[in-house]
Amino acid sequence: FDNLNPGIMFSAEEDSYRKFMQVHPFAEEMDGTNMGIELYLKGYYKKYYGWISYSLSKTERSNAYDRSFESEFSQNHILRVYGAKRLRRWEPSLAFNLYSALPYSPDDSLADEKNSERRTIHHRLDGKVNFYFDDNMRLYVEAWNMYNIAGLTGMSDGNVITEYGNSDTLVSDIPFFLWVGMELCF
């Protein structure tokens, strides 16, 4: 935390300031590292266009006992593939998403095994159809998780994803979700 504040008004060593700077102010994490890479390709062919994106990352945290563990929001692998075709005023598109589940701690784990397990990798297919009235107005219908796969993304304790994930309640990705919208640009 030394590099977050030049020390003009207060010191970064103060415990209240250190807690304030963390994502979760009451978490036991003291420090952490994050590294990753993303590959992105975009292309056009006649009326078709699309892109593919893959990110690989590693996020670790450490606590006051110098134990290192994966962050509870770490998703190591994320792959997204998007394709669309323009047909005059219509534009149908599909997006395929493939990603790692969030880490969790097994119920019988020791403190050294925090966030040491993951559920299986998850995927879903989203679709969208745009209708363009003109350059400034469009109507769209969008559907997420079109094949309604109940992917497990983490563990839960009540209504909140727990920091440690030691619960029997599994957190699922969104179910099939459909909505209609209109966009106006000024």
Side-chain angles (χ1 to χ4, degrees), residues 18-43 50-84 92-129 140-179 181:
R18 292 180 73 149
K19 292 288 187 185
F20 175 73
M21 292 304 297
Q22 293 180 4
V23 174
H24 186 300
F26 302 107
E28 69 175 33
E29 289 94 355
M30 300 297 292
D31 200 4
T33 60
N34 182 19
M35 61 183 146
I37 186 168
E38 181 176 7
L39 303 171
Y40 179 79
L41 298 170
K42 185 176 183 179
W51 51 262
I52 184 168
S53 170
Y54 174 73
S55 65
L56 174 66
S57 66
K58 180 81 170 170
T59 303
E60 288 190 346
R61 303 291 290 164
S62 60
N63 59 19
Y65 311 108
D66 289 329
R67 292 191 180 117
S68 184
F69 51 89
E70 274 201 89
S71 169
E72 49 273 350
F73 299 108
S74 177
Q75 284 188 302
N76 295 358
H77 304 278
I78 301 173
L79 173 71
R80 300 196 73 204
V81 179
Y82 175 82
S93 62
L94 289 174
F96 178 75
N97 304 280
L98 181 78
Y99 47 90
S100 303
L102 298 175
Y104 70 95
S105 301
D107 286 338
D108 59 349
S109 69
L110 303 172
D112 291 343
E113 298 174 347
K114 181 177 177 183
N115 293 341
S116 62
E117 299 288 327
R118 286 183 186 269
R119 299 287 170 202
T120 59
I121 201 155
H122 176 64
H123 56 90
R124 74 171 204 245
L125 181 66
D126 302 337
K128 186 175 188 177
V129 176
Y140 61 90
V141 176
E142 192 163 356
W144 281 10
N145 199 2
M146 291 172 54
Y147 42 81
N148 201 21
I149 274 198
L152 302 174
T153 57
M155 306 284 285
S156 171
D157 182 15
N159 294 328
V160 178
I161 294 177
T162 64
E163 183 177 341
Y164 301 102
N166 52 1
S167 172
D168 291 332
T169 306
L170 300 173
V171 175
S172 297
D173 194 7
I174 59 169
F176 176 78
F177 191 73
L178 179 71
W179 70 91

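Hydrogens, waters and symmetry mates are skipped; everything else that's a heavy atom, side chains included, is used. Since the model is a prediction, treat every value here as computed from it, not as a measurement.
- Counting only heavy atoms from C-beta outward, the side chains of Tyr99 and Arg80 never approach each other to under 4.5 Å.
- The only option from Asn145, Asn148, Leu98 that meets the side-chain contact (heavy atoms from CB on, under 4.5 Å) definition with Arg124 turns out to be Asn145.
- The side-chain heavy atoms of Glu70 and Lys58, taken from C-beta on, include a pair separated by under 4.5 Å.
- Side chains of Asn97 and His123 form no contact here, defined as non-hydrogen atoms less than 4.5 Å apart.
- Salt-bridge formation is not detected for the pair Asp126/Lys128: no Lys NZ or Arg NE/NH1/NH2 atom is positioned less than 4.0 Å from an Asp or Glu carboxylate oxygen.
- Here the closest heavy-atom approach between residue Ser100 and residue Gln75 is recorded as O-NE2, 2.9 Å.
- Across every non-hydrogen atom of Ser74 and Thr59, the tightest pair is OG-N, 3.9 Å.
- By the ring-ring contact (aromatic ring centres under 6.0 Å, His included) test, Phe176 is found to be paired with no residue, residues two or more places apart in sequence or in another chain being considered.
- Atom CG in Leu79 sits 8.0 Å away from atom OH in Tyr54 (nearest 0.5 Å).
- The shortest side-chain heavy-atom distance between Glu142 and Phe177 does not fall under the 4.5 Å cut-off.
- If you take CD1 on Ile78 and NE2 on His122, they are separated by 12.0 Å, rounding to the nearest 0.5 Å.
- Contacts of Ser53 classified as side-chain contact (heavy atoms from CB on, under 4.5 Å), with partners at least two apart in sequence or in another chain: Glu38, Tyr40, Trp51.
- Summarising the geometry, atom OG belonging to Ser55 is positioned 9.0 Å from atom CG belonging to Leu39; distances are rounded to the nearest 0.5 Å.
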